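Below: the structure, in structure tokens.
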Amino acid sequence: MPVDLSGTWNMVSNENFEGYMLALGIDFATRKIAKMVKPQKVIKQNGDSFTIQTLSTFRNYLVQFKIGEEFDEDTKGLDNRKCKSLVTWDNDRLTCIQKGEKANRGWTHWIEGDELYLEMFCEGQVCKQRFQRA
Ligand code: VL7
């Protein structure tokens, strides 16, 4: 039985978001606003089906997928790119590879103690975020 990431989670720390956004080519004005926001993750996990909402006062982002099934991701409102994305369990880490224009792009989520972790990576930059239950 895999872990259950379901719930509403508030961001409590955000490391190297700037480097990650630069790797994605996000413009200065957008980065300035984006780094101020503390997004909330709303995760719904039902067997192999997931919905992950990233909610903030600035922008919202929604992704839905099934484990092991590649899907077309449009990062609309973020860097506006198309990716072929695939999410799998790497032991207890939910891991996504986002194939597209940007090399080595993806993210991984896991739980440690009472906290939800997220690492987002792109072209050598790693952004580390931590969340606590709302
Ligand atoms: C989604 C932002 C930077 C543009 C707005 C930033 C603040 C947040 O894909 C993501 O999460 C995965 C794993 O949980 C599920 O989709 C992260 C936020 C990354 C990238 C681009 C800055 C603009 C608003 C919605």
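What you see is a predicted model; the values in this text were computed from it and never measured. Counting starts at 1 for both ligands and their atoms, in listed order.
Among all non-hydrogen protein atoms, the one lying nearest atom 21 (C) of ligand 1 is I26 CD1, 3.5 Å. The protein non-hydrogen atom at the shortest distance from atom 25 (C) of ligand 1 is R59 O, 3.5 Å. Among protein heavy atoms, atom 16 (O) of ligand 1 sits closest to V63 CG1, 3.3 Å. Distance from atom 20 (C) of ligand 1 to its nearest protein heavy atom, with residue and atom name: Y20 CE2, 3.7 Å. For atom 13 (C) of ligand 1, the nearest protein heavy atom (residue, atom name, distance) is H109 NE2, 3.3 Å. Protein heavy atom nearest atom 6 (C) of ligand 1, with residue, atom name and distance: A34 CB, 3.6 Å. With respect to atom 7 (C) of ligand 1, the closest heavy atom belonging to the protein is V37 CG2, 3.8 Å. The protein non-hydrogen atom at the shortest distance from atom 19 (C) of ligand 1 is M120 SD, 4.1 Å.
Looking at E119 and W110, their side chains come closer than 4.5 Å, going by heavy atoms from C-beta outward. Looking only at side-chain heavy atoms (C-beta outward), E69 and D48 stay at 4.5 Å or farther from each other. Side-chain contact between D114 and Q132 is absent, with no heavy atoms from C-beta onward closer than 4.5 Å.
Atoms of ligand 1 found under 4.0 Å from any heavy atom of S56 (numbered from 1 in listed order, with element): 24 (C). The I52 neighbourhood of ligand 1 comprises atoms 14 (O), 15 (C), with distances under 4.0 Å to a heavy atom of that residue.
At a heavy-atom cutoff of 4.0 Å, ligand 1 is contacted by no atom of R31, backbone or side chain.
The two residues G7 and R133 have their closest heavy-atom pair at CA-NH1, 3.9 Å. Nearest heavy-atom pair, Q45 versus L5, reported as atom, atom and distance to 0.1 Å: OE1-N, 2.7 Å.
Residue D27 places its CG atom among more than 12 non-hydrogen atoms of other residues, nucleotides or ligands, all under 6.0 Å distant. Within 6.0 Å of atom NZ in K102, more than 12 heavy atoms from other residues, nucleotides or ligands are found, so the atom counts as buried in its surroundings.
Residues forming a ring-ring contact (aromatic ring centres under 6.0 Å, His included) with Y61 (at least two apart in sequence, or on another chain): none.
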side-chain hydrogen bond (donor to acceptor under 3.5 Å, both in side chains) evaluation trace for R93 with T108: CA-CA 6 Å; R93 295 186 180 215; T108 183; 5.3 Å; no
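Of the candidates K35, K41, M21, the one placing a heavy atom closest to atom 10 (C) of ligand 1 is K41. With I33, T108, T54 as candidates, the residue nearest to atom 8 (C) of ligand 1 on a non-hydrogen basis is T54.
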